[in-house]
Amino acid sequence: MMPFPNSTIFGPAIHQSNSTLKVLKRVLITGAAGFIGSHLCDRFLQEGYQVVGMDNLLTGSLRNIEHLFKEERFEFYHHDVTKYVHLSGPLDHILHFASPASPIDYLKMPIQTLKVGSLGTHHLLGLAKDKKARILIASTSEVYGDPLVHPQREEYWGNVNPIGPRGVYDEAKRFMEAMTMAYHRFHGLDIRIVRIFNTYGPRMRINDGRALPAFMAQALRGEGLTVYGDGTQTRSFCYVDDLVEGIYRLLHADYTYPVNIGNPDEITVLQLAREILDLVGNPAAYIDYRPLPEDDPKVRQPDISLAKQLLKWQPEIPRSEGLVKTLAYFREALGKA
Ligand code: NAD
Ligand code: UDP
């Protein structure tokens, strides 16, 4: 079974097997060189899709997708989606994952964060409309802000400070959801909205500032693990393979409202730091308390009843297993750094 050369000029790739001709589905993934985007590229290629990756490498790296360039069904465009997005050929789905995602990144790049959530989303909605494609947008638990309802259900409208330092990310994502719903209601666009809770795994940037890569790198180097505040704030960490499975199912489900995808296993940040200290076992590493950043949410846990019922999905990989896999990646990454 040999695929014909794949090209945006000649249209969709065709797989020919003895008597059957099968036109492959084509998906555009923005943020493809990032942590989650690169895992989505892997998954859609495994499922037999033609995958078009797009990224401006603001926070991503070609290293995350270098293994895909030998794949005939993969194309990559180095492009900033806040600029007009053009793509020739048919398109079945768009997965919009481009955006700085770590608090440190979006505090450093507030305008780019606002632009990719607003202008970038507008361009991709326009492209989806033009191609009659289904679009899935990557929203976030941050739309719930510092939540007053716990755990967070999709019906909760959130508690966000629009002018605080995190507002650039939270409001960009809330605008993204509003704009996507408007395209659905006004143009009949086929949409999906995933609200992603803290996700971790291989290919996170070691210095992206998020708690989990920061603690792993600090423990491996024998430094202080920088726990902000007293570490009693909570988060619920989902392994990336579980997230990707949930996203894949949501894309193929018949549901146009937001769906939480995350792991409800909630722990304090201090507990996470201690688990990582124990796992790494470096006697030189220790807990180093630092000031709590402004507007840092005090609690976060997804209510995943909707995903369970709608997608027959729930996370399968416990933190004990996910941390071991992620640590193996960081050990190697740090060895090369
Ligand atoms: P990441 O920083 O690893 O990936 C984001 C990618 O988007 C990077 O490769 C970056 O270069 C690219 N990008 C940024 N601006 C762009 C632009 N203007 N044009 C093209 N590409 C651009 O982050 P991630 O953790 O993989 O997050 C991916 C998506 O998932 C984001 O939209 C984020 O908001 C969402 N999300 C992630 C988490 C999480 O825990 N990782 C939680 C909630 C939501
Ligand atoms: N955090 C921490 N030390 C760090 C980085 C983060 O204690 O070096 C805390 C942060 O204040 C927050 C939690 O860990 O309470 C998760 O932070 P992260 O940046 O991973 O993601 P968030 O859930 O805040 O978007």
Side-chain angles (χ1 to χ4, degrees), residues 29-40 53-65 77-83 85 95-107 109 111-121 123-124 137-143 146 166 169-170 172-173 176 194-201 203-205 207-218 224-238 240 243 247 260-263 267-270 272-273 287-300 302:
I29 300 177
T30 75
F35 162 50
I36 299 175
S38 64
H39 286 280
L40 286 168
M54 190 172 281
D55 204 297
N56 68 348
L57 306 180
L58 189 64
T59 58
S61 164
L62 286 179
R63 272 195 306 276
N64 291 333
I65 47 170
Y77 292 90
H78 184 191
H79 182 69
D80 177 348
V81 300
T82 67
K83 311 263 170 30
V85 180
L95 276 72
H96 181 30
F97 277 70
S99 172
S102 151
I104 291 222
D105 286 341
Y106 56 75
L107 296 181
M109 297 175 279
I111 314 286
Q112 286 101 320
T113 304
L114 282 157
K115 280 172 75 178
V116 74
S118 54
L119 303 177
T121 302
H123 293 145
L124 292 154
I137 58 151
S139 186
T140 163
S141 52
E142 285 282 322
V143 299
D146 191 3
R166 294 175 88 103
Y169 181 69
D170 303 6
K173 293 290 185 178
M176 181 193 213
V194 58
R195 288 189 181 150
I196 303 170
F197 283 66
N198 295 65
T199 300
Y200 69 100
R203 302 190 193 148
M204 290 184 98
R205 237 170 56 238
N207 57 350
D208 87 354
R210 285 184 269 199
L212 202 138
F215 293 166
M216 284 210 169
Q218 290 158 344
L225 274 63
T226 52
V227 170
Y228 298 161
D230 60 7
T232 54
Q233 68 274 32
T234 68
R235 294 294 186 273
S236 310
F237 295 92
C238 182
V240 65
L243 175 82
I247 290 171
N260 290 340
I261 298 286
N263 190 325
I267 52 162
T268 67
V269 167
L270 183 58
L272 175 73
I287 304 280
D288 178 13
Y289 292 97
R290 299 284 179 94
L292 188 68
E294 198 179 332
D295 291 340
D296 198 280
K298 286 179 264 317
V299 289
R300 185 179 291 154

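Read the numbers this way: they start at 1 and go in the same order the structure lists the ligands and their atoms. For the numbers below, each heavy atom of this structure counts, side chains included, while hydrogens, waters and symmetry mates do not.
When every heavy atom of G201 is checked against every heavy atom of M204, the shortest pair comes out as O-CG, 3.2 Å. Of all heavy-atom pairs between N198 and R235, the closest is OD1-CD, 3.7 Å. Of all non-hydrogen atoms in I36 and L243, the two that sit nearest each other are CD1-CD2, 3.6 Å. Smallest separation of non-hydrogen atoms from T113 and S99: CG2-OG, 4.4 Å.
Summary of contacts: the protein heavy atom closest to atom 28 (C) of ligand 1 is F97 O, 3.4 Å. With hydrogens left out, the protein atom closest to atom 32 (O) of ligand 1 is K173 NZ, 2.8 Å, a heavy atom. If you check which protein heavy atom lies closest to atom 19 (N) of ligand 1, you get V81 N, 3.0 Å. Closest to atom 16 (C) of ligand 1 among all protein heavy atoms lies N56 OD1, 3.2 Å. From the protein, the heavy atom lying nearest to atom 26 (O) of ligand 1 is I36 N, 2.8 Å. Closest to atom 8 (O) of ligand 2 among all protein heavy atoms lies T226 OG1, 2.9 Å. At the top of the distance list for atom 7 (O) of ligand 2, counting protein heavy atoms only, stands Y228 N, 2.7 Å. Considering only non-hydrogen protein atoms, atom 4 (O) of ligand 1 sits nearest to G34 CA, 3.4 Å. Closest to atom 18 (N) of ligand 1, if we only count protein heavy atoms, is D80 OD1, 2.8 Å. Nearest protein heavy-atom neighbour of atom 42 (C) of ligand 1: I196 CG2, 3.5 Å. Looking at atom 10 (C) of ligand 2, its nearest protein heavy atom turns out to be D296 OD2, 3.3 Å. Considering only non-hydrogen protein atoms, atom 16 (C) of ligand 2 sits nearest to R235 NE, 3.6 Å. Shortest contact from atom 20 (O) of ligand 2 to any protein heavy atom: A211 N, 2.8 Å.
Heavy-atom proximity to V227, at under 4.0 Å, picks out these atoms of ligand 2: 7 (O). Residue N198 approaches ligand 2 through these ligand atoms, each under 4.0 Å from one of its heavy atoms: 21 (O), 22 (P), 23 (O). Interface atoms of ligand 2 facing F215, defined by a heavy-atom separation under 4.0 Å, are 2 (C), 3 (N), 7 (O). Atoms of ligand 2 found under 4.0 Å from any heavy atom of Q233 (numbered from 1 in listed order, with element): 9 (C), 11 (O), 15 (O). Interface of T140 with ligand 1, defined as ligand atoms under 4.0 Å from a residue heavy atom, comprises 43 (C), 44 (C). Within ligand 2, counting atoms from 1 as listed, the ones closer than 4.0 Å to a heavy atom of G209 are 5 (C). With ligand atoms numbered from 1 in the order given, ligand 1 contributes 19 (N), 20 (C) to contacts under 4.0 Å with heavy atoms of H79. The E142 neighbourhood of ligand 2 comprises atoms 25 (O), with distances under 4.0 Å to a heavy atom of that residue. Which parts of ligand 1 touch L57 is read off a 4.0 Å heavy-atom cut-off, strictly below it: atoms 11 (O). Numbered from 1 in the order shown, with element, the atoms of ligand 1 that lie under 4.0 Å from a heavy atom of T82 read 18 (N). Per-residue contacts place L58 under 4.0 angstrom from the following atoms of ligand 1 (heavy atoms of the residue considered): 11 (O), 15 (N).
In this structure a side-chain-to-backbone donor-acceptor pair under 3.5 Å is present from H123 to V81. A donor-acceptor pair is defined here as one N or O able to donate and one able to accept, closer than 3.5 Å; no such pair exists between the side chain of T59 and the backbone of P100. Between the side chain of T234 and the backbone N or O of I267, no donor-acceptor pair lies under 3.5 Å. Of the possible polar contacts, none joining the S118 side chain to the V116 backbone as a donor-acceptor pair under 3.5 Å is found. K173 places a side-chain N or O within donor-acceptor distance of the main-chain N or O of A138, the cut-off being under 3.5 Å. Listed for the S102 side chain is a donor-acceptor partner under 3.5 Å among the backbone atoms of D208. Judged by distance alone, the side chain of D146 and the main-chain N or O of D295 form no donor-acceptor pair under 3.5 Å. Put simply, the side chain of Q112 never gets that close to the backbone of T82: no donor and acceptor are under 3.5 Å apart.
Inclusion of A101 in the set of residues having an N or O under 3.5 Å from an N or O of ligand 1 is not warranted. At under 3.5 Å, a nitrogen or oxygen of G60, whether backbone or side chain, sits near a nitrogen or oxygen of ligand 1. Polar contact check, F35 against ligand 1: a nitrogen or oxygen pair lies under 3.5 Å apart. An N or O contact shorter than 3.5 Å links T199 to ligand 1 by distance. Considering both main-chain and side-chain atoms, D55 comes within under 3.5 Å of ligand 1 through a nitrogen or oxygen pair. Taking only nitrogen or oxygen atoms, main chain and side chain alike, P100 does not reach within less than 3.5 Å of ligand 1. Looking at ligand 1, you won't find any N or O of N198 less than 3.5 Å from one of its N or O atoms. For R210, a nitrogen or oxygen atom sits less than 3.5 Å from a nitrogen or oxygen atom of ligand 1, counting backbone and side chain alike. Checking only distances, H96 never comes within under 3.5 Å of ligand 1, N or O to N or O. Checked by distance only, ligand 1 and T59 come closer than 3.5 Å through their nitrogen or oxygen atoms.
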inquiry  = What verdict does the side chain to side chain contact (heavy atoms under 4.5 Å, CB included) test give for D230 and L270, after you've listed the backbone C-alpha separation in whole Å, the side-chain angles of each residue and the deciding distance to 0.1 Å?
reply    = CA-CA 8 Å; D230 60 7; L270 183 58; over 6 Å; no

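Counting heavy atoms under 4.0 Å from ligand 1, residue M204 does not touch it at all. Contacts with ligand 2 closer than 4.0 Å are made by side-chain heavy atoms of A214 only, the backbone lying farther away. Neither the backbone nor the side chain of R290 has any atom closer than 4.0 Å to an atom of ligand 2 (non-hydrogen atoms only). Only the side chain of Y169 comes within 4.0 Å of ligand 1, judged by heavy-atom distances. When non-hydrogen atoms are compared, ligand 2 lies under 4.0 Å from neither the backbone nor the side chain of I104.
Summarising the contacts of atom 13 (C) of ligand 2 with V269, D105, L212, the nearest heavy atom is found in V269. The closest non-hydrogen atom to atom 24 (O) of ligand 2, taken over R166, R210, Q218, comes from R166. When S139, S99, A32 are ranked by how near their heavy atoms come to atom 14 (C) of ligand 1, first place goes to S99.
For the residue pair T226/Q218, the side-chain donor-acceptor check at 3.5 Å is satisfied.
In this pair, Y200 and F237 present their aromatic rings perpendicular. The plane angle is above 60°, beyond the 30 to 60° band.
Note on ligand 1: V116 sits in its first shell, one or more heavy atoms being nearer than 4.0 Å. Under a 4.0 angstrom heavy-atom cut-off, P103 registers as being in contact with ligand 2. Under a 4.0 Å heavy-atom criterion, A33 is in contact with ligand 1.
Taking a cutoff of 4.0 Å between a charged side-chain nitrogen and a carboxylate oxygen, D105 and R205 qualify as a salt bridge.
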